[in-house]
Amino acid sequence: MPSPGRPERGRLAAESKDALASLRAQRLPLGWYARETEAVARALLGCALVHGDRAGVIVETEAYLGPEDLASHARFGSTARNAVMFGAAGTTYVYLCYGVHEMFNIVARDRREAGAVLVRAVAPLVGLPDDARVGRGPGKLTRALALSRAQHGRLLDGDGLFVAAHERVRPRDVVRSPRIGVDYAGAWAARPLRFIIAGHPAVSGQR
DNA sequence: GCGGGGATTAACT
DNA sequence: GTTAATCCCCGCG
């Protein structure tokens, strides 16, 4: 008999499978990302980020607007690393930060160039320990969801890696603030391009 | 090639 | 509050 704290393995797997199937049915089409970058960053809150058999609810994002945005990697124009930012909306942009952490971004823009949204935190949803800390922060979320540069440049239209509509977030629960860790960007550092679900335990910068 | 620095995190003092 | 870890990008010459 399985102990109360440790559900039987087959039952857990079946629940996860159902949850992932439901998410797949709610997958956002690529056209959804072809809008103003800020709007996408806001709308991603409450959506599920799914990779393989794991998923998290997005609770924190940042918008990087394009070459004119001095906090964005696009500020140097198109380079070997960031070229995908100048490509199709709905493409992943994954890079290594401080030689240690993988950062997961989604290209999101209308006609303007090179907009992208950094996903900074997720709450556990499927296949993750029920602990808000595992996805709290951009480097930790990629580890929790097993995302790395191996996923760089992929379109979010497959079954293995995608974003799905999940929870509706009320406007009054969304808070904007300056982006984290971009003090080098002059006036751009002060712009309120970070979006969080207010008070959510998985938002970074707590305890 | 070289040198400076980074969209972070955990472990210190 | 400070710092190490640790890789590779980018600008410049």
Side-chain angles (χ1 to χ4, degrees), chain A residues 33 36-45 47 49 51 56 58-87 89-109 112-124 128-129 131-154 156 161 163 174-197 200-207:
Chain A
Y33 304 97
E36 193 177 76
T37 308
E38 282 186 64
V40 175
R42 159 64 184 87
L44 279 171
L45 296 178
C47 292
L49 175 57
H51 182 215
I58 297 171
V59 300
E60 176 177 358
T61 60
E62 283 178 357
Y64 289 83
L65 302 190
E68 74 279 12
D69 178 352
L70 296 182
S72 173
H73 288 178
R75 66 188 182 277
F76 300 120
S78 180
T79 67
R81 178 174 63 167
N82 70 14
V84 299
M85 294 177 83
F86 294 80
T91 303
T92 61
Y93 170 47
V94 189
Y95 70 94
L96 186 67
C97 187
Y98 292 100
V100 180
H101 306 286
E102 309 278 349
M103 298 281 146
F104 182 81
N105 303 255
I106 300 169
V107 177
R109 59 190 183 88
R112 307 178 64 196
E113 276 194 328
V117 176
L118 170 66
V119 183
R120 285 189 58 90
V122 296
L128 300 177
D131 181 342
R133 292 173 297 185
V134 300
R136 183 195 288 168
K140 290 166 59 171
L141 122 220
T142 54
R143 198 150 58 92
L145 294 176
L147 294 165
S148 73
R149 285 166 291 172
Q151 281 73 49
H152 174 71
R154 283 177 59 174
L156 294 176
L161 178 59
V163 176
V174 176
V175 170
R176 302 177 59 146
S177 78
R179 294 169 292 185
I180 306 298
V182 296
D183 292 345
Y184 57 84
W188 283 89
R191 298 203 27 180
L193 294 174
R194 173 176 178 245
F195 297 80
I196 67 171
I197 298 179
H200 196 290
V203 169
S204 72
Q206 309 176 83
R207 243 166 332 178

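Proteins get letters first, then strands, A, B, ... in listed order; numbering begins at 1 in each. Every value quoted in this text rests on a predicted model; they were computed, and no experiment measured them.
- V100(A) comes within contact range of at least one nucleobase, with a heavy-atom separation under 4.0 Å.
- Using a 4.0 Å heavy-atom distance criterion, L96(A) is classed as a sugar-phosphate-only contact.
- When the C1' atom is compared between dT3(C) and dG5(B), the two are found 15 Å apart, to the nearest whole Å.
- Put simply, CE on M85(A) is 15 Å from P on dC9(C), counting in whole angstrom units.
- Taking a cutoff of 4.0 Å between a charged side-chain nitrogen and a carboxylate oxygen, D69(A) and R112(A) do not qualify as a salt bridge.
- Rounded to an integer number of Å, the gap from NE2 of H73(A) to P of dC10(C) is 8 Å.
- A pairwise comparison of heavy atoms in A189(A) and P178(A) identifies O-CB, 3.4 Å as the closest pair.
- Between the P atom of dC7(C) and the CZ atom of R149(A) lies a distance of 9 Å, rounded to the nearest Å.
- Distance K140(A) NZ to dT8(B) C1': 10 Å, rounded to the nearest Å.
- Remark: P of dA7(B) and CD1 of I106(A) are 19 Å apart, rounded to the nearest angstrom.
- When rounded to the nearest whole Å, the span between CZ of R133(A) and C1' of dA11(B) equals 15 Å.
- Contact check, Y98(A) against dC8(C): no side-chain N or O comes under 4.0 Å of OP1 or OP2.
- Side-chain nitrogen and oxygen atoms of R120(A) include at least one within less than 4.0 Å of the OP1 or OP2 phosphate oxygen of dT8(B).
- Spacing of P atoms, dC2(B) relative to dT6(C), comes out at 22 Å, to the nearest Å.
- Here R75(A) lies out of heavy-atom contact (under 4.0 Å) with every strand.
- Between Y95(A) and H152(A), a ring centre-to-centre spacing not shorter than 6.0 Å is recorded.
- In terms of phosphate contacts, R81(A) brings no side-chain nitrogen or oxygen within less than 4.0 Å of OP1 or OP2 of dC8(C).
- Residue F76(A) is classed as a sugar-phosphate contact, given heavy-atom separations below 4.0 Å to backbone atoms only.
- Straight-line distance from the CE atom of M103(A) to the P atom of dT9(B): 6 Å, rounded to whole Å.
- Taking the 5.5 Å centre cut-off and the 30° plane limit, the aromatic side chain of Y64(A) is classed as stacked on dA7(B).
- Consecutive Watson-Crick or G-U pairing (both distances under 3.5 Å) extending over three or more pairs maps onto DNA chain B as B:1-6 with C:7-12, B:8-12 with C:1-5.
- Using a 4.5 Å heavy-atom threshold, the side chains of I106(A) and Y33(A) count as touching.
- Between R194(A) and dA7(B) there is no side-chain polar atom (N or O) within less than 4.0 angstrom of OP1 or OP2.
- With a 4.5 Å cut-off on side-chain heavy atoms, L128(A) and L145(A) count as touching.
- The nucleotide whose nearest atom lies closest to any side-chain atom of I180(A) is, among dA10(B), dA7(B), dT8(B), dT8(B).
- For H101(A), no side-chain nitrogen or oxygen approaches OP1 or OP2 of dA7(B) to under 4.0 Å.
- Closest-nucleotide positions on DNA chain B for G181(A) and R143(A) were compared, and the one nearer the 5' end corresponds to G181(A).
- Taking a cutoff of 4.0 Å between a charged side-chain nitrogen and a carboxylate oxygen, K140(A) and E102(A) do not qualify as a salt bridge.
- Atom CE of M103(A) is separated from atom OG of S148(A) by 13.0 Å, given to the nearest 0.5 angstrom.
- For the pair E60(A) and R194(A), the salt-bridge criterion is met [side-chain N within less than 4.0 Å of a carboxylate O].
- Note: CG (L70(A)) to C1' (dG6(B)) measures 15 Å, nearest angstrom.
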